[in-house]
Amino acid sequence: MCSEALTLVRAPIDPNTGKPYETCGYALFPGLALAESEPELVVLLYDSILHLHQDTAMFLYYGREGADPLLNRKWQQRFLVRWRELGKPTMIVISPEDKRFFRGHLGEIKTVPIYDELLSGSISGGCNRELYRLDEPEDYGFDKPIRQLADMMGAVIYDPAAGDLPAEDADRIPLLTSSIDRRNQLKREGREAVHVLELVYGMGRSNAHLAHTHSEGHDHDHDQPPQVRDAALSPEEKNAIEALFDNTAKRQNLQEVRDTLLQFFWGES
């Protein structure tokens, strides 16, 4: 299958007419790296956003083989054409890299962080009482909503400046980031890292320990401090981490997310 065939840019179906919206107020830009690494999260995320904004388009954009298509001016122009055809929607972005891209190359497109949207809809996932260290550039403005989302789930963001843990324990605390590229790189280096969306949805192919049952209206007891979990990885986690860097696996994940989106949201097999 050619690369362009993996691109999916579509307006959602208007439940009142049964036809695609003519124009959209929002568009989700999950980014190529998230689709290649965690396809299930892309599907869950789009479903969540549609409950907040029914007119949110999908902007799964792939492009040329072997290179980042959006760094090519021809592809940027094609991106703009499709965006304008959808009514110039506000682009919902996931990572600092995506925000930086739009700001530097497609400044005409207004963006909003996904984490602000999740907060506005109280979409915070299930309980999580683990301790995390935030690995996030503050100048992109994602850090505050990420901290709020973590707090809603009962997770604790550790402040290294507090110095209330032995150094060996502080180094074992998983890093929490909104950059899937950063998460993957940390894992390549043998460090434990979690993407924010894995925390929200309680799942992730390379973070098997995140699986949990979601509950509504839960309270969190902050009197008992969270514990630093055992750093040993399960065999499932190790296998999933290895797959993050396999080009065939990434291509299969991208195909999976595209096919699932088409089937689930547009009824196409």
Side-chain angles (χ1 to χ4, degrees), residues 1-36 38-39 41-118 120-121 140 180 197 250-251 253-269:
M1 177 177 288
C2 68
S3 299
E4 176 63 8
L6 293 174
T7 293
L8 179 61
V9 179
R10 288 212 184 180
I13 302 298
D14 185 339
N16 296 316
T17 65
K19 299 179 180 180
Y21 282 92
E22 293 185 4
T23 60
C24 300
Y26 292 88
L28 177 64
F29 184 79
L32 181 60
L34 184 65
E36 288 180 331
E38 300 289 351
L41 290 179
V42 175
V43 177
L44 290 170
L45 183 58
Y46 189 46
D47 187 53
S48 295
I49 293 302
L50 285 177
H51 281 84
L52 298 177
H53 308 291
Q54 289 185 336
D55 63 342
T56 300
M58 168 53 68
F59 235 101
L60 182 66
Y61 209 82
Y62 188 46
R64 299 183 305 160
E65 185 75 39
D68 186 340
L70 296 180
L71 295 181
N72 179 280
R73 192 58 189 165
K74 181 181 72 174
W75 283 94
Q76 290 173 12
Q77 290 301 317
R78 186 175 298 184
F79 190 103
L80 281 172
V81 168
R82 290 183 161 185
W83 171 73
R84 290 166 182 158
E85 289 174 347
L86 288 171
K88 300 183 177 181
T90 296
M91 201 69 67
I92 301 174
V93 296
I94 311 299
S95 71
E97 294 92 342
D98 294 337
K99 183 174 180 178
R100 186 185 307 123
F101 163 74
F102 283 105
R103 186 169 64 184
H105 297 278
L106 298 175
E108 180 183 350
I109 300 178
K110 179 183 177 182
T111 65
V112 62
I114 183 61
Y115 312 104
D116 290 345
E117 298 301 307
L118 295 176
S120 71
Y140 283 91
I180 196 70
L197 294 179
K250 290 193 290 186
R251 180 73 171 225
N253 287 343
L254 186 59
Q255 180 73 63
E256 175 186 324
V257 70
R258 181 185 180 278
D259 291 348
T260 303
L261 288 168
L262 282 173
Q263 182 176 9
F264 192 76
F265 297 104
W266 287 278
E268 299 180 17
S269 57

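- Remark: Arg100 CZ to His105 NE2 distance equals 10.0 Å, nearest 0.5 Å.
- Residues Phe29 and Trp83 are not in side-chain contact: their nearest non-hydrogen atoms beyond the backbone lie 4.5 Å or more apart.
- Of all heavy-atom pairs between Ala11 and Ala57, the closest is CA-CB, 4.1 Å.
- One distance of note links CG of Leu106 with CD of Gln77; it measures 8.0 Å at 0.5 Å rounding.
- Checked by atom type, the side-chain pair Gln76/Arg73 shows a donor-acceptor distance below 3.5 Å.
- Residues Glu38 and Leu197 fail the side-chain proximity criterion, which asks for heavy atoms closer than 4.5 Å.
- Aromatic ring pairs are classed by plane angle as parallel below 30°, tilted from 30° to 60° and perpendicular above 60°; the pair Trp75 and Tyr61 is perpendicular.
- Side-chain contact, Gln263 with Asp259: no donor N or O sits under 3.5 Å from an acceptor N or O.
- To the nearest 0.5 angstrom, Leu254 atom CG is 6.0 Å from Glu36 atom CD.
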Inset, instruction - May I have the step-by-step check of side-chain contact (heavy atoms from CB on, under 4.5 Å) for Ile94 and Tyr115, ending in yes or no? - result: CA-CA 8 Å; Ile94 311 299; Tyr115 312 104; 3.5 Å; yes
Legend entry - Derivation and outcome, side-chain contact (heavy atoms from CB on, under 4.5 Å), residues Arg82 and Thr7: CA-CA 12 Å; Arg82 290 183 161 185; Thr7 293; 3.1 Å; yes
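- Under the 4.5 Å side-chain criterion, counting only non-hydrogen atoms from C-beta, Leu262 is in contact with Arg10.
- Closest heavy-atom contact between Phe59 and Pro30: O-CD, 3.8 Å.
- For the pair Phe265/Leu50, a side-chain contact is recorded, criterion being any heavy-atom separation below 4.5 Å from C-beta on.
- Residues that satisfy the side chain to side chain donor-acceptor pair (under 3.5 Å) test with Glu108, not counting sequence neighbours, are Arg84.
- The shortest non-hydrogen separation linking Tyr21 to Pro15 is OH-CD, 3.6 Å.
- At a threshold of 4.5 Å between non-hydrogen side-chain atoms, the residues Leu8 and Val257 do not count as touching.
- Distance CD1/Ile49 to CD1/Ile92: 4.5 Å, rounded to 0.5 Å.
- Looking at heavy atoms from C-beta onward, Phe101 lies out of side-chain contact with Val93 at the 4.5 angstrom threshold.
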Inset, instruction - Apply the test side-chain contact (heavy atoms from CB on, under 4.5 Å) to residues Lys19 and Asp14: give CA-CA distance (whole Å), side-chain angles for both, the deciding distance (0.1 Å), then the verdict. - result: CA-CA 6 Å; Lys19 299 179 180 180; Asp14 185 339; 5.8 Å; no
Scan the side chains in residues 41-48 for donor-acceptor partners under 3.5 Å anywhere in the protein, sequence neighbours excluded, and list what turns up.
residue: Tyr46; atom: OH; partner: Thr56; partner atom: O; Å: 2.7
residue: Ser48; atom: OG; partner: Leu44; partner atom: O; Å: 3.1
residue: Ser48; atom: OG; partner: Tyr201; partner atom: OH; Å: 2.7

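- Atom CE of residue Met58 and atom CZ of residue Arg258 lie 12.0 Å apart, to the nearest 0.5 angstrom.
- With sequence neighbours excluded, no residue satisfies side chain to side chain donor-acceptor pair (under 3.5 Å) with Glu22.
- Among all heavy-atom pairs drawn from Leu52 and Ser120, the shortest one is CD1-OG, 4.4 Å.
- Rounding to the nearest 0.5 angstrom, the gap separating the CD1 atom in Ile180 from the CD atom in Glu97 is 10.0 Å.
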